Undergrad: 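Have a look at the structure that comes next, please.
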Amino acid sequence: AEMDSIRKISPSKISNIDYWFHKKTIPLINKYTDDELEKKLQESMTRNFPKTLFIYLPLFALALWLFHNKKRWFYFDHGIFTLHYFSFLLLIFLLLTLLNYFFSFFDNKLLTFLKNIINFVGIGWMIYYFFAARQNFYQEKRLASFLKSAVLFFINTILVALVLAFFLLYSLVNIH
């Protein structure tokens with residue numbers, strides 16, 4: 001009510017985006033404790049993550065399309081590579097998650113160290129595989145492939161950060 005009255009008196013003090021965001025979040029803050037809100041946010045993020053991947057896959061394919069010969073490669077071809085690469089990522093992520101879950105039952109420094117090494121190798125393999133699979137799929141010379149892959153990796157890191165930020169905001173707003 002206070003925000004509505006401020007907005008009626010001076011509409012320029014609260015932007016439309018701030019007004020909309022506060023209108024969505026204030027009832028949540030009043031309804032739930034911090035722990036409940038964190039749990040609800042995690043549930044909302046888990047429920048909405050497939051939507052995020054569905055939105056990101058075409059963006060990833062678009063970034064690939066922008067960096068390759070348009071006469072030789074169709075957007076569809078980049079979509080095939082994207083599905084292949086993301087299938088690999090999801091499989092490795094599943095294996096790492098299962099291993100971390102298994103290791104969580106033990107409180108041993110050696111096993112914790114082993115878990116950290118396995119996670120490091122798994123993440124490193126995900127990154128390496130992008131470079132290797134891209135070079136193999138597009139049949140480019142190693143240096144050109146490496147440079148394009150590095151630029152694409154940087155661009156996609158930024159795109160992932162933006163999509164995940166919108167995903168977090170979307171999940172926060174859609175808590176019930």
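Just so it is clear, the model here is predicted, and its values are computed rather than measured.
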Undergrad: Answer whether the closest heavy-atom distance between the side chains of Phe60 and Trp65 falls below 4.5 Å.
TA: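 Contact flag for Phe60/Trp65 side chains = no.
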Undergrad: Using atom types as modelled, flag every donor-acceptor pair under 3.5 Å from a side chain in residues 91-100 to any protein atom, sequence neighbours excluded.
TA:
residue: Thr97; atom: OG1; partner: Phe93; partner atom: O; Å: 2.8
residue: Asn100; atom: OD1; partner: Asn119; partner atom: ND2; Å: 3.1
residue: Asn100; atom: ND2; partner: Leu96; partner atom: O; Å: 3.2
residue: Asn100; atom: ND2; partner: Asn119; partner atom: OD1; Å: 3.3

Undergrad: Using the rule ring-ring contact (aromatic ring centres under 6.0 Å, His included), only one of Phe137, Tyr128, Tyr129 pairs with Phe88; which is it?
TA: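 For Phe88, the ring-ring contact (aromatic ring centres under 6.0 Å, His included) check succeeds only for Tyr129.
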Undergrad: Does any N or O in the side chain of Ser149 come within less than 3.5 Å of the main-chain N or O of Ser145, such that one atom is a donor and the other an acceptor?
TA: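 Here the side-chain-to-backbone pair exists.
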Undergrad: When you compare the side chain of His68 with that of Arg134, does any pair of heavy atoms fall below 4.5 Å?
TA: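 Heavy-atom side-chain distance check passes, below 4.5 Å.
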Undergrad: Between the side chain of Ser44 and the main-chain N/O of Lys40, is any donor-acceptor distance below 3.5 Å?
TA: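 Checking the backbone N and O of Lys40 against the side chain of Ser44, no donor-acceptor pair under 3.5 Å is found.
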Undergrad: Less than 4.5 Å apart, any side-chain heavy atom of Ile127 and any of Ile123?
TA: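 SC-SC contact between Ile127 and Ile123 confirmed.
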Undergrad: Find the distance between CG (Leu66) and CD1 (Ile155) and round it off to the nearest 0.5 Å.
TA: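 Separation between the atoms: 8.0 Å.
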Undergrad: Phe103 versus Leu114: any side-chain heavy-atom pair under 4.5 Å?
TA: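 Yes, at least one pair of side-chain atoms sits under 4.5 Å.
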Undergrad: In this structure, would Leu59 and Phe153 fall into the same cluster of hydrophobic residues linked by side-chain contacts under 4.5 Å?
TA: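 Yes, one cluster joins them.
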Undergrad: Given 3.5 Å as the limit, does a donor-acceptor pair link the side chain of Gln135 with the main chain of Ala132, or not?
TA: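 Answer holds: no.
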Undergrad: Following the transitive rule for hydrophobic clusters with a side-chain heavy-atom cut-off under 4.5 Å over Ile, Leu, Val, Met, Phe, Trp and Tyr, establish whether Leu162 and Leu64 coincide in one cluster.
TA: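 No, Leu162 does not connect to Leu64 through the hydrophobic network.
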Undergrad: Do Phe106 and Tyr101 belong together in a cluster built from hydrophobic side chains that touch within less than 4.5 Å?
TA: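 Same hydrophobic cluster.
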Undergrad: Could you walk me through whether Phe102 and Lys115 satisfy the side chain to side chain contact (heavy atoms under 4.5 Å, CB included) test, starting with their C-alpha distance in whole Å, then the side-chain angles of each, then the deciding distance to 0.1 Å, before giving a yes or no?
TA: CA-CA 10 Å; Phe102 174 73; Lys115 178 186 82 160; over 6 Å; no
Undergrad: Indicate yes or no: at least one non-hydrogen side-chain atom of Leu37 is less than 4.5 angstrom from one of Thr33.
TA: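 In short, these two side chains do not touch, never coming nearer than 4.5 Å.
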Undergrad: Tell me, with the steps shown, if Tyr56 and Phe167 meet side chain to side chain contact (heavy atoms under 4.5 Å, CB included).
TA: CA-CA 11 Å; Tyr56 184 68; Phe167 165 61; over 6 Å; no
Undergrad: Within this structure, what is the CG-CZ distance for the pair Leu90 and Phe86, rounded to the nearest 0.5 Å?
TA: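 Interatomic distance, Leu90 CG to Phe86 CZ, rounded to 0.5 Å: 8.0 Å.
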Undergrad: Count the heavy atoms of every other residue, nucleotide or ligand shown that sit under 6.0 Å from CG of Asn108, and state whether that count exceeds 12.
TA: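 Correct, the count exceeds 12.
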Undergrad: Just how far is it from atom CG of Leu147 to atom NZ of Lys141, taken to the nearest 0.5 Å?
TA: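 With rounding to 0.5 Å, CG (Leu147) is 13.5 Å from NZ (Lys141).
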Undergrad: Kindly indicate whether the side chain of Leu159, heavy atoms from C-beta on, has any atom under 4.5 Å from the side chain of Asn156.
TA: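 Yes, their side chains come closer than 4.5 Å.
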Undergrad: Identify each donor-acceptor pair in which a side-chain atom of residues 73-82 lies under 3.5 Å from a protein atom, sequence neighbours left out, and give them as a table.
TA:
residue: Tyr75; atom: OH; partner: Pro58; partner atom: O; Å: 2.9
residue: Asp77; atom: OD2; partner: Phe74; partner atom: N; Å: 2.9
residue: His78; atom: ND1; partner: Tyr138; partner atom: OH; Å: 2.6
residue: Thr82; atom: OG1; partner: His78; partner atom: O; Å: 2.7

Undergrad: Roughly how far, to the nearest 0.5 Å, is the CG atom of Leu111 from the CG atom of Asn116?
TA: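 That separation rounds to 11.0 Å.
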Undergrad: Working to the nearest 0.5 Å, report the span between CG of Leu143 and NZ of Lys148.
TA: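 The distance works out to 11.5 Å.
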Undergrad: Same hydrophobic cluster for Ile55 and Phe166, using side-chain heavy-atom links shorter than 4.5 Å among ILVMFWY?
TA: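 Ile55 does not cluster with Phe166.
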Undergrad: Working to the nearest 0.5 Å, report the span between OG1 of Thr46 and CD of Glu43.
TA: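 Going from the OG1 atom of Thr46 to the CD atom of Glu43 covers 8.0 Å.
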Undergrad: Identify whether Phe105 and Leu110 are in the same connected component of the hydrophobic contact network (ILVMFWY, side-chain heavy atoms under 4.5 Å).
TA: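 Phe105 does not cluster with Leu110.
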